[in-house]
2 protein chains.
Amino acid sequence: MSGSSKVRRPATLASLAAELGVSRTTVSNAYNRPDQLSAPLRERVLEAARRLGYPGPDPVARSLRTRRAGAVGLLLTEALSYAFRDPVATGFLEGLALACERAGQGLLLIPVSPEHADVAAVHRAGVDGFVVYSVREDDPHFLAVLERPVPTVVCDQPAGVEGLDRVGVDDHAAMLGLARHLTGLGHRRFGVICMRLGEYRSDGPASAARLADIAYPVQRNRLAGLRAGLAEVGVDWATVPIWERFDHSVEAGQTAAAELLAAHPQLTAIVCTSDILALGALRRAVAHGLTVPDDLTITGFDGVPEAERAGLTTVWQPVLEKGRAAGELLLERGDRIRPRSVTLPTELRIGRTSCAPRDAERWFSGL
Amino acid sequence: MSGSSKVRRPATLASLAAELGVSRTTVSNAYNRPDQLSAPLRERVLEAARRLGYPGPDPVARSLRTRRAGAVGLLLTEALSYAFRDPVATGFLEGLALACERAGQGLLLIPVSPEHADVAAVHRAGVDGFVVYSVREDDPHFLAVLERPVPTVVCDQPAGVEGLDRVGVDDHAAMLGLARHLTGLGHRRFGVICMRLGEYRSDGPASAARLADIAYPVQRNRLAGLRAGLAEVGVDWATVPIWERFDHSVEAGQTAAAELLAAHPQLTAIVCTSDILALGALRRAVAHGLTVPDDLTITGFDGVPEAERAGLTTVWQPVLEKGRAAGELLLERGDRIRPRSVTLPTELRIGRTSCAPRDAERWFSGL
DNA sequence: GTGAAAGCGCTAACAG
DNA sequence: CTGTTAGCGCTTTCAC
């Protein structure tokens, strides 16, 4: 209001053109195709723009016209503020950001506000495609994404729906490998700590009903892989206690391990479906006076740096690659003829938290 | 082309309206103002939409019309893929994401591709405002942001330019406090390890010329604060060796410390302008057989979790709060009358890496 | 409760 | 090299 030059003039491309007595095309070209007009004319246009406070073509109007937003949307499991704490998610984000940067595309993080269950944010997102990272299969945001007529790639989901592109690892096979490592060492009495299995909070032993209806493919596959591995040596899955935690944190792993061990003190191995949970279990075991791995074997999943530092036996997966692959799949022009699926390799990393149980000889001598 | 229903029909609001024999307004209302039409009619519209494969109002067209994109843009110093590795940046991101979620706004990460020096990405961004996080003052992307006629809040920058909102800490005062702690302990022979000071890579001792023209406000202020603190006890700034590192990593801190100590073995304290660098210096000192803090005092800045675990003496700053404050400043409606500036408090955290130097008595007895 | 009119600001053919 | 012509798909007063 005071004489500030910051009074935003609503100058538009059209008004600029009028002012200069040239056509809108010319002004547009001055910005988008410098080779389509003479240098002096271009300079005249740009100079006038500066003088009139014209900030250049409006990005939204341009997007409407060109039919491209120049950004990809990312839908995450949780409140995205949480994602920045999770090393697996940040690794994925880093890879995805890498791919976006290389393509000069923006990365739009879709807000999944816990308060307003705002599917609207998905509708509002001006993007050329979506990446969906490990969400519940019945997540309404996910469903909303599927409605949008833009290419979408899902991560760690079954290839399932309507020809989406997909990237992920074989969680089932990876966990099976880990299970074989453990049964090979002689373990027979397992306990499990896993991440959330459904929409609503539930902490503690997972009921059979809950296990039968796991909404998160990653958890479902990891548990199934473990089950298959144990079945190979005749361990009855129904006898394996499975402790669920809604929150994914070291503390959650810690308390879960405490409860699990209290209820089942005879366990020789605790398999966790994530490193974070395993680190918590590890902490609890140590605090409890147990020697790992001699008294108790503990394993994780993901291969995050912190786990490596701790010498955790785990399955490493290429999270950064996963993000990058997702981005490339989405941004790559061309053969979008049929859905593509990228499965990345995992690696069993045997650390210092697994060894034969004290009673191993019992099993082997029993043969 | 085959009978798949996935052939994206270019159905539009208009075509839907035509099909139903109602006006576009009605269709629009069905989506945006359910209370403006009868429930049965609305259901008819939605049903037809489903049938025709109309995905709902196009977000870009809507944005053009409503003049709001529903997202804020974030401009980061570096390749954004790097940001996800830096605990300070992720803390900031978490806070910002929190604010965005609460407001139901998307967060668009602007790609700062090192390859294409793509200021265009800034122009292309369909956002209602920008947050600029600790960039070089002459960064072309930053300049491009300033051109855009949308509210912008800068972080850790001088309030400077044309009435932008600002959030940050008082780096100068914080570092002054740290300096006083060290000089109070008796230190007089300081070495410094700092982050990049200019656009182009330079590793090693920073020349006077380079120090006189630091492009990053954060580094400038931290060094100035230190200088002021040392001046108070008569330490000549010109005699203080300052080692610069372009890359911000533990390894960088490590090699910087190695060089610094080799060239100046008599130092009793190394002040680092970030925790990450300090952790590297710490690692180097230990590897070198030095006992910290007895042989050498080492300090950091930021107060990241890893530093706390290491017991580093440092200045803690509320990075999450900073992100949240930036978001709130941007999203908050109302009194955008005059630029606002939020300065958050810092806290000197004395850990186990600082103590009096062996020759302290020399100085005190000299009084 | 519903429709008609009027653009939002821009780009992409295609002529000249 | 420059201008003319047509919308992109939607929302929003304002009458009916």
Side-chain angles (χ1 to χ4, degrees), chain A residues 8-46 48-49 52-70 120 123-128 148-150, chain B residues 8-46 48-49 52-70 120 123-128 148-150:
Chain A
R8 260 92 195 222
R9 317 287 262 77
T12 72
L13 184 147
S15 72
L16 219 190
E19 174 81 17
L20 268 89
V22 302
S23 85
R24 302 205 291 280
T25 309
T26 301
V27 178
S28 176
N29 282 339
Y31 285 96
N32 303 318
R33 304 165 156 197
D35 53 314
Q36 295 296 296
L37 38 54
S38 64
L41 176 54
R42 171 155 197 259
E43 199 36 66
R44 240 182 79 215
V45 172
L46 264 31
L52 272 62
Y54 175 63
D58 178 293
V60 175
R62 166 190 276 155
S63 284
L64 175 58
R65 190 55 235 233
T66 60
R67 315 268 31 177
R68 31 185 34 279
H123 293 132
R124 245 193 283 281
V127 296
D128 301 322
R148 294 275 309 260
V150 293
Chain B
R8 260 87 197 226
R9 317 286 261 78
T12 72
L13 185 147
S15 72
L16 218 191
E19 174 81 17
L20 270 89
V22 302
S23 85
R24 303 207 290 280
T25 308
T26 301
V27 178
S28 176
N29 282 339
Y31 285 95
N32 303 317
R33 303 166 157 196
D35 53 315
Q36 294 299 294
L37 38 56
S38 64
L41 176 53
R42 172 154 195 258
E43 199 37 63
R44 241 182 80 216
V45 172
L46 264 30
L52 271 63
Y54 176 63
D58 179 291
V60 175
R62 165 191 276 157
S63 284
L64 175 58
R65 189 54 235 235
T66 59
R67 313 270 37 187
R68 30 184 38 276
H123 292 132
R124 247 193 280 280
V127 297
D128 301 322
R148 294 275 308 260
V150 293

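Below, chain A is the first sequence line, B the second, and so on; all start at residue 1. Bear in mind that the values here come from a model prediction, so they are computed numbers and not experimental data.
Closest approach to the Asn32(B) side chain among dC8(C), dT11(D), dC10(C) is made by dT11(D) (side chain taken as heavy atoms from C-beta onward). When distances are taken from the side chain of Thr66(B) to each of dC10(D), dT2(C), dT12(D), the shortest belongs to dT12(D). Distances from the side chain of Arg24(A) to the nucleotides dT5(D), dC1(D), dG9(C) place dT5(D) closest.
Per the geometry, CZ belonging to Arg42(B) stands 13 Å off P belonging to dG1(C), to the nearest Å. Spacing between atom CZ of Arg68(B) and atom C1' of dC10(D) amounts to 16 Å, rounded to whole angstrom units. For the pair Asp35(B) CG and dG1(C) P, the computed distance is 8 Å after rounding to whole Å. The interatomic distance linking Gln36(A) (CD) with dA12(C) (P) rounds to 11 Å, in whole Å. Straight-line distance from the CG atom of Asn29(A) to the P atom of dT4(D): 14 Å, rounded to whole Å. Taking atom CG of residue Leu13(B) and atom P of nucleotide dG7(D), one finds them 18 Å apart after rounding to whole Å. Between the CZ atom of Arg65(A) and the P atom of dC8(D) there is a distance of 8 Å, rounded to whole Å. When rounded to the nearest whole Å, the span between OH of Tyr31(A) and P of dT11(C) equals 10 Å.
For the atom pair Leu13(B) CG and Tyr31(B) OH, the distance stands at 8.0 Å (nearest 0.5 Å). Between Thr12(B) atom OG1 and Glu19(B) atom CD the span is 11.0 Å, to the nearest 0.5 Å. For the atom pair CG (Leu20(B)) and OG (Ser23(B)), the distance works out to 11.0 Å, reported to the nearest 0.5 Å. Taking CG of Leu64(A) as the reference point, atom CZ of Arg65(B) lies at 12.0 Å (rounded to 0.5 Å). Of the inter-residue distances, the one linking Arg44(B) atom CZ with Leu37(B) atom CG reads 11.0 Å to the nearest 0.5 angstrom.
Listed pair Tyr54(B) / dC10(D) meets the phosphate criterion, a side-chain N or O lying under 4.0 Å from OP1 or OP2. Within the 4.0 Å cut-off from OP1 or OP2 of dC10(C), not a single side-chain nitrogen or oxygen of Ser28(A) is found. Dashed line: the shortest gap from a side-chain N or O of Ser23(A) to OP1 or OP2 of dG3(D) is under 4.0 Å. For Arg62(A) and dC10(C), the shortest distance from a side-chain N or O to OP1 or OP2 is not below 4.0 Å. Contact annotation: Arg67(B) side-chain N/O to dG9(C) OP1/OP2 distance is under 4.0 Å. Between Thr26(A) and dT2(D), a side-chain N or O to OP1/OP2 separation shorter than 4.0 Å is absent.
Annotation for Val60(B) and Gly126(A): closest pair CG2-CA, 4.3 Å, computed over non-hydrogen atoms. Pairing each heavy atom of His123(A) with each of Pro59(B), the nearest pair is O-CB, 3.2 Å.
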Under 3.5 Å, N/O pairs linking protein and nucleotides 14-16 of chain D:
none

I'd like a list of close polar pairs between nucleotides 13-16 of chain C and the protein, N/O only, cut-off under 3.5 Å.
none

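Using a cutoff of 4.0 Å between basic side-chain nitrogens and carboxylate oxygens, Arg67(A) and Asp58(B) are scored as salt-bridged.
Partners of Arg62(A) under the side-chain contact (heavy atoms from CB on, under 4.5 Å) rule, at least two apart in sequence or in another chain, are Asn32(A), Pro57(A), Thr66(A), Arg124(B).
At the heavy-atom level, Val60(B) lies nowhere under 4.0 Å from the strands shown. The residue Leu64(B) sits close to a base: some heavy atom pair falls under 4.0 Å.
Looking only at side-chain heavy atoms (C-beta outward), Ser28(A) and Thr25(A) stay at 4.5 Å or farther from each other.
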